[in-house]
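Here the structure comes first, spelled out in structure tokens, and everything after it is commentary.
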Number of protein chains: 2
Amino acid sequence: MVTIKDVAKAAGVSSSTVSRTINNSPSISSKTKEKVIKEIKRLNFSPNSMAKGLINNKSYTVTLLVDVDDEKSFQNPFFYEIMHGIERLVYKKEFSLIVANLNTTMKKQSVLEWLVKAKRTEGVILPSSILNSKLVDELKKDGVPFVSIGEPTNLKESVSWVDIDNKKGTEMATYSLLDKGYENIAFLGLDKTKLFSKRRYDGYMNAILESKQEVINVECGNSKDDGYHNMKKLLNGPVIPDAVICADNIISIGVIRAIQEAGLSIPEDIGIISFDNQQIAELSYPTITTVNVDVYELGYQSAKLLFELIENPQTRYQGLLISTKIEERESTIKNK
Amino acid sequence: MVTIKDVAKAAGVSSSTVSRTINNSPSISSKTKEKVIKEIKRLNFSPNSMAKGLINNKSYTVTLLVDVDDEKSFQNPFFYEIMHGIERLVYKKEFSLIVANLNTTMKKQSVLEWLVKAKRTEGVILPSSILNSKLVDELKKDGVPFVSIGEPTNLKESVSWVDIDNKKGTEMATYSLLDKGYENIAFLGLDKTKLFSKRRYDGYMNAILESKQEVINVECGNSKDDGYHNMKKLLNGPVIPDAVICADNIISIGVIRAIQEAGLSIPEDIGIISFDNQQIAELSYPTITTVNVDVYELGYQSAKLLFELIENPQTRYQGLLISTKIEERESTIKNK
DNA sequence: ATAAGTTATGCAAACGTTTGCATAAAATAT
DNA sequence: ATATTTTATGCAAACGTTTGCATAACTTAT
């Protein structure tokens with residue numbers, strides 16, 4: 001393997017000069033610089049990042065932490081995109097991205113401790129679902145910058161985070177339905193234990209109240225069966241809505257089923273808007289209009305926040321909301 | 001940060017002794033060993049992996065390569081699970097897993113080159129879809145062990161790979177349908193450009209020929225519309241099957257739709273088995289019986305092969321098939 | 001032409017490990 | 001008790017970088 005010394009010898013200079021050339025120190029004459037660069041190219045030299053890491057006490061590494069056993073940790077289909085959003089910036093900075101599962105059973109110590117002490121990871125990105133005060137304390141004690149993907153339930157002042165603008169998403173969805181002529185809009189799927197669900201409900205309610213409409217709120221879990229049964233109840237109830245906003249896509253599958261079984265048509269009798277732009281929205285009959293979530297951007301922005309913290313440790317904590325947009329599909333209709 | 005020297009001083013021994021204790025060299029008395037270990041624990045010491053890496057010329061790192069821009073690279077929903085299969089073993093070996101996108105635009109050199117030369121990654125796992133002879137040559141030239149996830153189309157003798165046993169999967173599916181009393185089984189979705197698709201077809205055909213049944217084969221792409229239109233044609237054709245094996249889950253969504261529109265019932269009139277145990281299979285009405293794919297295992301085994309190559313570079317290349325099993329859901333019925 | 005200032009380069013130590021070699025201490029044989 | 005072998009430990013060099021300090025080589029001012 002070719003080292004800095006080989007380059008130095010080939011260029012007839014000292015290793016210091018080569019090093020300074022690489023890190024483009026100002027005090028280096030353009031002639032030698034040129035000469036050295038030529039040799040670097042010719043010999044196809046890359047500085048050994050472990051040697052660099054050792055002396056600079058840096059790992060040039062960022063860690064994406066997950067907890068596989070935790071269902072909520074990352075929704076499968078999102079993960080890939082999020083990761084690549086992160087990765088894009090990470091590689092631009094010539095770092096590398098390591099992925100670690102918090103739950104991995106390591107004899108020695110906690111994964112985190114290992115990452116920090118042995119691997120010297122320089123920053124951590126993690127889903128809000130695994131964020132707790134113990135973890136935060138540990139990270140802060142070690143001085144490792146971190147960013148939460150997802151708005152944290154508490155600790156909000158002491159954490160940088162990125163999330164989708166859930167509230168504005170459903171707000172837009174509601175207005176969009178009203179614009180189209182839908183008049184009785186229900187929100188289905190509020191789960192008060194989940195912050196994102198509450199935010200989505202808030203957005204809906206905001207728009208409804210603002211427009212002096214009536215709130216129709218159905219709390220339920222997020223399975224397709226929950227959607228099915230609760231929609232059924234709603235259809236048998238006193239006020240039958242002519243549009244439903246679903247807290248997420250899975251629910252909407254059950255909702256559609258219930259509506260179709262009742263002999264009603266989508267989007268004519270009842271319009272549907274759902275959240276999360278997953279594959280499912282396109283596979284359903286009819287395809288589902290959704291609040292489109294740019295998870296790639298979510299990842300990218302989380303990395304951006306993280307590097308701000310890495311490069312300037314006294315950066316203030318901040319929360320960032322990624323805006324959403326409505327993707328029209330068959331479950332809603334222009335002029336009702 | 002606490003170093004080996006701190007431990008040495010605290011234990012009243014030299015750094016060498018501490019080092020030897022850590023790497024449990026035999027020539028170390030049990031008294032000192034004990035003493036050293038006590039201090040290691042007390043001081044909460046972890047050896048700096050960059051210093052280790054430098055001297056041992058190892059990175060303790062394995063890379064999972066993907067190509068985001070390549071649709072086929074990894075199917076989104078699989079990725080997460082595969083990765084964790086890999087990760088489990090990687091962490092057991094006290095390595096870490098880095099994820100790199102082959103397409104990342106790096107000014108300097110190719111990502112791979114950078115990973116190998118600067119980062120000294122010790123092994124690479126990559127999807128067969130991005131495997132080409134140029135890449136293989138490059139990896140071999142650098143002496144980096146690698147494993148393909150997915151059976152490679154060519155180069156099979158010079159590559160270690162893991163794949164799902166696609167052929168046996170559909171074979172089992174076919175027999176299972178025959179056992180249940182289905183008699184006219186069609187295979188829908190053969191895409192001759194894709195190896196896994198061909199394998200799945202082979203399995204079906206094997207079982208059909210073996211049982212002296214008639215082959216009903218419909219080639220088509222893998223969208224839900226492809227499934228819909230081709231099933232429709234089939235329903236209007238001379239031989240209407242009483243069961244369909246779909247090459248993948250997405251197709252089956254369209255197939256179900258076509259059958260239902262024709263006024264036929266699933267699973268009574270027509271039974272359906274599909275491939276890939278994705279969320280979709282459970283969201284559809286009816287839920288879809290599938291050939292269940294253990295992607296976690298796929299990842300785990302790929303890592304296992306990789307470590308065999310890392311630990312013993314003259315290991316022979318080998319291909320490994322992960323067996324599947326049928327997961328019964330509503331789209332098939334016991335006794336037709 | 002000489003002094004002073006500036007610019008470009010090299011030397012050597014440092015980062016935190018591992019490991020071959022030397023040697024001190026302990027164990028065994030005489 | 002002494003000689004010999006075995007076992008346990010330490011010293012110092014090495015891995016491939018970076019960087020403070022020293023100095024050589026130019027500039028510019030006098």
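The model shown is predicted, which means the values in this text are computed figures rather than measured ones.
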Neighbour count >12 (heavy atoms, 6.0 Å) for atom [atom1], [X]:
X       : atom1 : result
K5(A)   : NZ    : no
K156(B) : NZ    : yes
E311(A) : CD    : yes

Indicate, yes or no, whether a donor-acceptor pair under 3.5 Å links the base of dG10(D) to the side chain of R20(B). yes
N/O donor-acceptor pair, side chain S16(A) with base dT19(D), under 3.5 angstrom: yes
So [X], base contact, sugar-phosphate only, or nothing? Heavy-atom distance under 4.0 Å.
X      : answer
S49(A) : nothing
N57(B) : nothing
T3(A)  : sugar-phosphate
S29(B) : sugar-phosphate
I28(B) : sugar-phosphate

Going from CG on L131(B) to CG on L65(B), what distance comes out if it is rounded to the nearest 0.5 angstrom? 10.0 Å
Atom [atom1] of [X] to atom [atom2] of [N]: distance rounded to whole Å?
X      : N       : atom1 : atom2 : answer
K58(A) : dA14(C) : NZ    : P     : 21 Å
N23(A) : dT9(C)  : CG    : P     : 16 Å
N48(A) : dG16(D) : CG    : P     : 7 Å
L54(A) : dG16(C) : CG    : C1'   : 5 Å
M1(B)  : dT17(C) : CE    : P     : 11 Å

Using a 4.5 Å cut-off on heavy atoms from C-beta on, say whether the side chain of T21(A) contacts that of T32(A). no
As a test of reading the structure: which of dT17(C), dG16(D), dG10(D) is closest to the side chain of K52(B), going by heavy atoms? dT17(C)
Looking only at dT9(D), dC11(C), dT18(C), the nucleotide nearest the T17(B) side chain is dT9(D)
Closest-nucleotide ordering on DNA chain D, the 5'-leading residue of K5(A) and K33(B): K33(B)
